[in-house]
Amino acid sequence: MLKLFTPVPVPAYPLDGGRIYAASLILYLKMQPQKAAKVTALTAMLISGGMIVYAIVSLITVVPGSGLLLGLVGVFIFSNSYDLYKDVK
């Protein structure tokens, strides 16, 4: 019953879903931790880029201020993912 109401974790790095994603890459696909960190960071940067673009489009076309929080979360995710990618490289 709890599974019905549990939201799907977003596989973006500093969030819980990103940590689960990185651990899954290491455990199930047998990736090296550095490579898993790069893949996780790149995936999170793509997701955050989509969040930022969606926020900008919704700010322009829909109600002003409607995508502001989503854009800020996208910037936060992108910043942390970029730091991870830079640290691993």
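Note that the numbering runs from 1 along the sequence shown for the chain.
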Please determine whether side-chain contact (heavy atoms from CB on, under 4.5 Å) holds for the pair Ile47 and Phe78, giving the CA-CA distance in whole Å, both sets of side-chain angles, and the decisive distance to 0.1 Å. CA-CA 8 Å; Ile47 291 171; Phe78 187 85; over 6 Å; no
Honestly curious: do Met31 and Ile20 fall in one hydrophobic cluster under the side-chain, below-4.5 Å linking rule? no
Taken to the nearest 0.5 Å, the spacing of Thr40 OG1 from Met45 CE works out to 10.5 Å
For the atom pair OG (Ser81) and NZ (Lys86), what is the distance rounded to the nearest 0.5 Å? 12.5 Å
Rounded to the nearest 0.5 Å, what separation is found between the OG atom of Ser58 and the CG atom of Leu68? 9.0 Å
Determine yes or no for a side-chain-to-main-chain donor-acceptor pair under 3.5 angstrom, with Ser48 supplying the side chain and Ala44 the backbone. yes
Nearest non-hydrogen partners of Ala36 and Ile26, listed with the distance: CB-CG1, 3.6 Å
Hydrophobic cluster identity match, Leu70 and Phe76, side-chain contacts under 4.5 Å: yes
Which heavy atom in Ala55 sits nearest to a heavy atom in Gly67, and how many Å separate them? CB-O, 3.1 Å
Which other residues end up in the same hydrophobic cluster as Leu46, if Ile, Leu, Val, Met, Phe, Trp and Tyr are linked when side-chain heavy atoms come under 4.5 Å apart? none
CG of Leu69 to CE of Met51: how many Å apart, nearest 0.5 Å? 8.5 Å
What's the spacing between Thr43 OG1 and Tyr21 OH if we round to 0.5 Å? 3.5 Å
For residues Val88 and Ala37, report the shortest heavy-atom separation together with the two atoms involved. CG2-CB, 3.6 Å
Val39 and Leu29: same hydrophobic cluster, using ILVMFWY side-chain contacts below 4.5 Å? yes
Find the distance between NZ (Lys38) and CG (Leu25) and round it off to the nearest 0.5 Å. 14.0 Å
